[in-house]
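Only one structure is covered here, and it is reproduced in the block below.
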Amino acid sequence: MMQPPTPFAERVKPIGFYPLPTGPSDGSAAAEVAPPERRGPSLLYLHIPFCKQRCAFCFFFDNLYRPPEWRTFFGALLRDMELTASLPSARAAVIEAIFIGGGSPNVLSEDEIGILLQTLRTRFVLAPGCEVTLEWYPGDQSKGKLSAALAAGVTRLSFGIQSFDADRSRRLRLRHTPHQSRQIIEIARAVGFTNINIDLITCLPGETPGELLAELRAADSFRAGSVSPNPLEVIPETPLEALSARTGGALSAIDRLTHIVLTRETLLDLGYIQQRFHNYHLPGKQHRYNRLSAMPWMNLIGVGPGAYGLVDGQVYVNHKDLVEYRNAVDAGRWPRLLGNVVPTSETKRSHVVTSLLEMTLSSDLYAAAFGTSLEDDFGEVIASQCARGLLDATPDGLFRLTPLGSLWGDNVCLEYFSAAQAALLGIRFADGESARYGYHYAPAAAAPGAKLTSRG
Ligand code: SF4
């Protein structure tokens, strides 16, 4: 295989949300519901920041599950749902897709799964056919809990499989086995789930093309719904960083790109459709939550510690520290750590960035939503990206990422960032401070004295 071209000097950090809050929250929420022309689809994200183990590569780990802390937290989470549901914008929302992530929601008991989903249905209005995704750690093989999830309305599961291979699992220091990974998919199917995402980690140190292909074929053998082959990021302060420092041998930048190209070509050949840079689905199994997040004036109602929200022109991040979080909801306050009003100029950029995360940008949709033309607002960047082979223009007013654009997708998106948002992202992935806080990063100066993480 030919080596892919490198249109950027270096790879930037993977992009999650746009925009991030720029400063501490004043504790208020949007007082009024936006007018109809400024209301897109409504989504809900619910964050469960507990795991029963810490996986070596992971920077989403927050708290080790211990029953007393968990019980206190679960009560606070239900109160947060109640508080959030009382917001005018939440009362006006018809939720079209929900994502319950973490951490790992498999810490929930069978009863708690039922209570959580019932509370969601009681407090919020869910659209008919609302997609509900639940993240699940494959080492938890409870058929009873997965049956409870299906009965409670979960429609899609996402398993952090990472590898089906024993040697790769050992190199990643996974705590679950390939046998458990295969088994949990079979259990979920036997229970009745028909839409399952398989998370994989690719681009391991020393990975050969043959090894990568075997991994992709193993995932495809289930034809489960979607495959998310995420290139390994060795994150500062994770156990894997210490291991990597000892073993060395990270995949070179060019081999990494070559393996991402091979991944794409293989999955497309196997009949998958690329939805995001590292997400592929079978026909009819698109991740609706992600797709809707790219719609103009989208509302994302975030619930739980560290959750991100963007509702009626206000962006926020909740307290990640469990004590701060619980104190706020116990006192009847929204547990906001950071938050601010988002100017329309940033809402436009948000739509462009999230559309490109989903591979396609529409001139017509943009004009209808914002009353100005995409070409007037971003014509220079778009023309430059078309000239560099990163975007293709179609006759019907769409701009699509080319294979090269998809390979460098985060860099492509970054060119639409405002200077303030670029500064918040932490451009270099090797920037330990920004990497540590991930999507929830904000400079310490933005929130004096605030504790951004329970590990902090
Ligand atoms: S990979 Fe999942 S289960 Fe493992 S530490 Fe990270 S969030 Fe928790």
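Just so we're clear, the structure is a prediction, and the values are computed from it rather than from any experiment. Counting starts at 1 for both ligands and their atoms, following the listed order.
Looking only at heavy atoms of the protein, atom 7 (S) of ligand 1 is closest to G103 O, 3.3 Å.
For atom 4 (Fe) of ligand 1, the neighbouring protein N/O/S atoms at less than 2.8 Å, given as residue and atom, are C55 SG.
A salt bridge does not link K52 with D140: every distance from a Lys NZ or Arg NE/NH1/NH2 to an Asp or Glu carboxylate oxygen is 4.0 Å or more. Salt-bridge formation is detected for the pair E233/R11: a Lys NZ or Arg NE/NH1/NH2 atom is positioned less than 4.0 Å from an Asp or Glu carboxylate oxygen.
Considering only heavy atoms from C-beta on, I273 stays 4.5 Å or farther from L268 through its side chain.
For residues 400-412, every residue pair satisfying the side-chain hydrogen bond (donor to acceptor under 3.5 Å, both in side chains) rule, not counting sequence neighbours, is listed here: Q274-S406.
Scanning for salt bridge (Lys or Arg N to Asp or Glu O under 4.0 Å) contacts around D220 gives R223, with sequence neighbours left out. Residues forming a side-chain contact (heavy atoms from CB on, under 4.5 Å) with D330 (at least two apart in sequence, or on another chain): R79, R326.
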